[in-house]
Novice: 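Below is a structure I'd like to ask you about.
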Amino acid sequence: MANDRLRALEDVEREIAVVLQCAGNVVLELSKEKHNASFLDRQLSQFTSSINRLESELSSQIRYLTQVATGQPHEGSTYSARKDCQMALNRAEYARVKLGELGRTCEIMLDPQT
């Protein structure tokens, strides 16, 4: 699962390079005195389709990260379980401290010398 996510991000990176290349080609073509309209149309078409693929994949990645960050169970992560365990340990420590304080208070109240 994690490898698939990394591969998808690598694909996004390659798609960004394609978008930048198309944009550069368009700027270069527009800097010429005579523009090749069919070349510009092809570059525009490739640019648009690449942007659409980028938007789709990045939206998918954001949805995944939102799911992970909200603690919902998902495949391949132990974050939620580790977080729950740490919170349980914190509660146990807090209970131990409070019981110790209660024990000392009881000893003071029951001690006949005071």
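Values in this document were obtained by computation on a predicted structure and should not be read as measured data.
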Novice: Which distance, rounded to the nearest 0.5 Å, do you find between the NZ of Lys32 and the CG of Leu28?
Specialist: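 With rounding to 0.5 Å, NZ (Lys32) is 5.5 Å from CG (Leu28).
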Novice: Side chains of Arg7 and Asp4: does their closest heavy-atom pair fall under 4.5 Å?
Specialist: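 Side chain of Arg7 against side chain of Asp4, heavy atoms only: contact under 4.5 Å found.
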Novice: To the nearest 0.5 Å, tell me how far Ile16 CD1 sits from Gln21 CD.
Specialist: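 Rounded to the nearest 0.5 Å, the CD1-CD separation comes out at 14.5 Å.
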Novice: Atom CZ of Arg104 and atom CG of Leu99: how far apart are they, to the nearest 0.5 Å?
Specialist: 10.5 Å
Novice: Do Phe47 and Leu20 sit in one hydrophobic cluster, given that two such residues count as connected whenever their side-chain heavy atoms are within less than 4.5 Å of each other, even indirectly?
Specialist: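 Yes: a chain of side-chain contacts under 4.5 Å links Phe47 to Leu20.
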Novice: Could you pull out all donor-acceptor pairs under 3.5 Å where a side-chain atom in residues 39-46 meets a protein atom, sequence neighbours excluded?
Specialist:
{"from": "Gln43", "atom 1": "OE1", "to": "Asn25", "atom 2": "ND2", "distance (Å)": "3.1"}

Novice: Starting from the C-alpha separation in whole Å, work towards a yes-or-no answer on side-chain contact (heavy atoms from CB on, under 4.5 Å) for Arg5 and Ser60.
Specialist: CA-CA 10 Å; Arg5 292 283 170 194; Ser60 172; 4.0 Å; yes
Novice: Treating Ser56 as the side-chain partner and Asn52 as the backbone partner, does any N or O pair qualify as donor plus acceptor under 3.5 Å?
Specialist: no
Novice: Which pairs with one or both residues in residues 88-102 pass salt bridge (charged side-chain N to carboxylate O under 4.0 Å, His left out), sequence neighbours excluded?
Specialist: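 Every salt bridge (charged side-chain N to carboxylate O under 4.0 Å, His left out) pair that includes a residue of residues 88-102, provided the two are not neighbours, is Glu93-Arg96, Lys98-Glu101.
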Novice: Under a 4.5 Å side-chain heavy-atom rule over Ile, Leu, Val, Met, Phe, Trp and Tyr, are Ile51 and Val12 clustered together?
Specialist: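 Ile51 clusters together with Val12.
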Novice: Any side-chain heavy atom of Ser31 within less than 4.5 Å of one from Val27?
Specialist: no
Novice: Spell out, yes or no, whether Val18 and Val26 are grouped together once hydrophobic residues are joined by side-chain heavy atoms under 4.5 Å, including indirect joins.
Specialist: no
Novice: Could I get the full list of side chain to side chain donor-acceptor pair (under 3.5 Å) partners for Ser38, not counting sequence neighbours?
Specialist: Asn36
Novice: What's the spacing between Glu57 CD and Ile62 CD1 if we round to 0.5 Å?
Specialist: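 Atom-to-atom, Glu57:CD and Ile62:CD1 are 10.5 Å apart.
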Novice: For the CD atom of Glu10 and the CG atom of Asn3, what is their distance to the nearest 0.5 Å?
Specialist: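 So the gap between those two atoms works out to 9.5 Å.
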Novice: Before you tell me yes or no, could you show the steps for Ser50 and Arg53 under side-chain hydrogen bond (donor to acceptor under 3.5 Å, both in side chains), namely the whole-Å CA-CA distance, both residues' side-chain angles and the distance that decides it to 0.1 Å?
Specialist: CA-CA 5 Å; Ser50 291; Arg53 284 191 298 271; 3.2 Å; yes
